[in-house]
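The shown structure was predicted, so the numbers you read here are calculated from the model rather than taken from an experiment.
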Amino acid sequence: MRVRKFEIALLFAWLTLAIGALLYGGDSPWSADELRQLRSLAIASLQPPAADPSNRVADDPRAAEFGQRLFFDKRFSSNGEVACATCHLPDRSFQDGTPLAKGVGTTDRRTMSVIGTAHSPWQFWDGRKDSQWAQALGPLESPVEHGGNRTQYAHIVAGHYAADYEAIFGKLPDLKHLPRHAGPVKDEQAKAAWEAMLAADRDQVSTVFANMGKAIAAYERKLEPGRSRFDAYVEAALQSDAQAMKQAMSRDEIAGLKLFVGKGQCIQCHSGPLLTNNEFHNTGVAAAKGLPADLGRLAGARQVVQDEFNCLSRHSDAKPEQCGEVRFLDDNPNQLRQFRVPSLRNVAERAPYMHAGQLATLKDVLEHYNRAPAAPAGHSELKPLGLSQAELRQLEAFLGTLSGPVNAEAKWLRSPVN
């Protein structure tokens, strides 16, 4: 019986090799080292996001449900028309498809997807926030995004979500004597009202505000990237299943993948299963016309150190020794116009590209990297690639294989009943 099983195994191996020979001219398309690289890029290699010590409710299902309701609620804005989901649309990979995000006004940056951001130590294009919950708070007070203020939001929580809030965070403070609109924002009246409040009242309101961010973060941690055709191809390649490899990706797409990990040098920054190293680089992208000078990571690094909601702040649940990223952050002039490397998951669905939507198509992006123009400020890390037009088309074809669904229960992908 054992001999029979061995013969069957040998026959299966021979058939696999024979099919591979027919499909690939007798040669395996990948070396052992290349297969290790492909495995490292596949979604199967993605580990669950690490615990966030700064957010004690990050993995509390009650907080996720509360955060989802906040995420879709337009009342948390100055005009009652803007929610987090206004720019982070579930049916568009939780981004908006516009060059510049539009809330109550227009921002200076492109909306980044929130899918998979639980894996990143930094948020936004410039990394000015060091957690998902701190990131969620920024747009709420931005005059061109949600445009609201802290006491406004605290009053809404007390009026519509008191039971949800108190079940997770404890009793809400008494807000009846506080102004309807007050906060450390650009609006002069709200700012003056905030400064006139007692320090103890400001602190209590800021705690409610921080807890809103922590609940939204608990929701966003549910949003992970899903399996794509590329992942199906890698699984087939690791199993030497030539037929499944052929079904998953075309010859041009496979050629593009070879360029991605080889001559194109894309893997230098777009590494790991999220296809990003979560770092910051100056790639010589032109400044967007009509916008203020953007210092990128140079400004973001300074802002995150001073942020009242960073990992070291009194609103964080972490111990100082758990905040190494921000504790040891350098103020380095070489960070000028460096921007965060975005994930390439679903990249073909996320035009336009770069931090202010300067490049309209993936073709434009690839041609930019191929030319490697000088940076408008700072030092570009690019060098010309010398790829042919045919190779650029193959790379673009490969990038299309990275599209896949959000890996989350269906209930997290729609607005709940508020």
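Under 4.0 Å is where a charged nitrogen must lie from a carboxylate oxygen, and between Asp59 and Arg221 at least one such pair does. Salt bridge annotation for Arg327-Asp130: absent, with no cationic side-chain nitrogen under 4.0 angstrom from a carboxylate oxygen. Of the charged side-chain nitrogens involved, at least one lies within less than 4.0 Å of a carboxylate oxygen, so that Asp331 and Arg302 count as a salt-bridged pair. Using a cutoff of 4.0 Å between basic side-chain nitrogens and carboxylate oxygens, Asp52 and Lys214 are not scored as salt-bridged.
No more than 12 heavy atoms of other residues, nucleotides or ligands sit less than 6.0 Å from atom CZ of Arg39. Other residues, nucleotides and ligands contribute more than 12 heavy atoms inside 6.0 Å of the CD atom of Glu166. Within 6.0 Å of atom NZ in Lys363, 12 or fewer heavy atoms from other residues, nucleotides or ligands are found, so the atom counts as exposed in its surroundings. The local environment of CZ in Arg56 is crowded, with over 12 non-hydrogen atoms from other residues, nucleotides or ligands closer than 6.0 Å.
Residue Tyr233 holds its OH atom at 11.0 Å from CG of Asp241, rounded to the nearest 0.5 Å. In this structure, Phe230 CZ and Ser403 OG are separated by 12.5 Å, a value rounded to the nearest 0.5 Å. Summarising the geometry, atom CG belonging to Asn310 is positioned 8.5 Å from atom NZ belonging to Lys129; distances are rounded to the nearest 0.5 Å. How far OG of Ser131 is from CD of Glu325: 12.0 Å, rounded to the nearest 0.5 Å. A distance of 3.5 Å separates OG1 in Thr111 from CG in Asp96, rounded to the nearest 0.5 Å. Rounding to the nearest 0.5 angstrom, the gap separating the CG atom in Asn282 from the CG atom in Asn334 is 10.0 Å.
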Residue pair Leu70, Tyr219: steps toward the side-chain contact (heavy atoms from CB on, under 4.5 Å) verdict: CA-CA 9 Å; Leu70 299 179; Tyr219 164 61; over 6 Å; no
Tell me, with the steps shown, if Asp108 and Val144 meet side-chain contact (heavy atoms from CB on, under 4.5 Å). CA-CA 9 Å; Asp108 294 342; Val144 292; over 6 Å; no
Please evaluate residues Phe339 and Met354 with respect to the criterion side-chain contact (heavy atoms from CB on, under 4.5 Å), reporting the C-alpha separation (whole Å), side-chain torsions for both, the decisive distance (0.1 Å), and the verdict. CA-CA 9 Å; Phe339 295 94; Met354 305 308 186; over 6 Å; no
Output, in order, the C-alpha distance, side-chain angles, deciding distance and verdict of side-chain hydrogen bond (donor to acceptor under 3.5 Å, both in side chains) for His177 and Asp201. CA-CA 10 Å; His177 64 291; Asp201 287 335; 3.2 Å; yes
Could you give me the CA-CA distance, side-chain angles and deciding distance for Asn278 and Val341, then say whether side-chain contact (heavy atoms from CB on, under 4.5 Å) is met? CA-CA 6 Å; Asn278 285 317; Val341 177; over 6 Å; no
CA sep, side-chain torsions, deciding dist, call: Gln47, His119, side-chain hydrogen bond (donor to acceptor under 3.5 Å, both in side chains): CA-CA 9 Å; Gln47 299 299 310; His119 299 272; over 6 Å; no
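Side-chain contact check for His181 versus Gln189: every heavy-atom pair is 4.5 Å or farther apart. Contact of the Phe209 side chain with the Val157 side chain is not registered, since no non-hydrogen atoms from C-beta on lie closer than 4.5 Å. Leu100 places a side-chain heavy atom less than 4.5 Å from the side chain of Leu291. At a threshold of 4.5 Å between non-hydrogen side-chain atoms, the residues Phe280 and Gln335 do not count as touching. A 4.5 Å side-chain heavy-atom check between Thr151 and Leu175 finds every atom pair outside the cut-off. Between Phe260 and Leu399 there is a side-chain heavy-atom pair separated by less than 4.5 Å. Residues Leu344 and Cys266 have side chains not in contact (no heavy-atom distance under 4.5 Å, counting atoms from C-beta outward). A 4.5 Å side-chain heavy-atom check between Ser93 and Ile115 finds at least one atom pair inside the cut-off.
A donor-acceptor pair under 3.5 Å is formed between the side chain of Arg337 and the backbone N or O of Val285. Listed for the Arg229 side chain is no donor-acceptor partner under 3.5 Å among the backbone atoms of Leu402. The backbone N or O of Thr401 lies less than 3.5 Å from a partner atom in the side chain of Ser228, making a donor-acceptor pair. A distance-only check finds no donor-acceptor pair linking the side chain of Glu81 to the backbone of Gly103 [under 3.5 Å]. Side chain of Ser316 to main chain of Cys311: a donor-acceptor pair is present (N/O by atom type, distance under 3.5 Å, no hydrogens or angles). At distances below 3.5 Å, at least one donor-acceptor pair connects side-chain atoms of His88 with backbone N or O atoms of Met112. Remark: the backbone N or O of Ala101 is not paired with any side-chain donor or acceptor of Arg109 at under 3.5 angstrom. Side chain of Asn55 to backbone of Asp317: no donor-acceptor contact under 3.5 angstrom is found. Using a distance-only test at 3.5 Å, with no hydrogens or angles considered, a donor-acceptor pair links the side chain of Asn370 to the main chain of Leu387. Judged by distance alone, the side chain of Lys258 and the main-chain N or O of Pro29 form a donor-acceptor pair under 3.5 Å.
Asp307 approaches Ala134 most closely through the heavy-atom pair OD2-CB, 4.1 Å. In this structure, Pro143 and Lys186 approach most closely via the heavy-atom pair CG-CD, 3.9 Å. Val57 approaches Ile168 most closely through the heavy-atom pair CG1-CG2, 3.8 Å. Annotation for Trp133 and Ser313: closest pair CH2-OG, 4.4 Å, computed over non-hydrogen atoms. When all heavy atoms are compared, the tightest approach of Ala182 to Asn149 is N-OD1, 3.0 Å. The minimum heavy-atom distance linking Val205 with Trp194 is given by the pair CG1-CZ3, 3.9 Å.
Ring geometry for Tyr153 versus Phe76: interplanar angle of 30 to 60°, hence tilted.
Seen from the ring of Trp122, Arg340 does not count as a face-on cation partner, given the 6.0 Å and 45° thresholds.
Shown are Arg150, Arg202, Arg314; of these, the salt bridge (charged side-chain N to carboxylate O under 4.0 Å, His left out) with Glu308 is made only by Arg150. When the options Phe72, Tyr161, Phe71 are evaluated for a ring pair (Phe, Tyr, Trp, His ring centres under 6.0 Å) with Phe66, the one that passes is Tyr161.
Aromatic rings from Phe169 and Tyr165 are positioned such that their centres are separated by under 6.0 Å.
Every residue two or more places apart in sequence or in another chain was checked for a salt bridge (charged side-chain N to carboxylate O under 4.0 Å, His left out) with Glu396, and none qualifies.
Side-chain contact check for Asp364 and Thr361: at least one donor-acceptor pair (N or O, by modelled atom type) lies under 3.5 Å.
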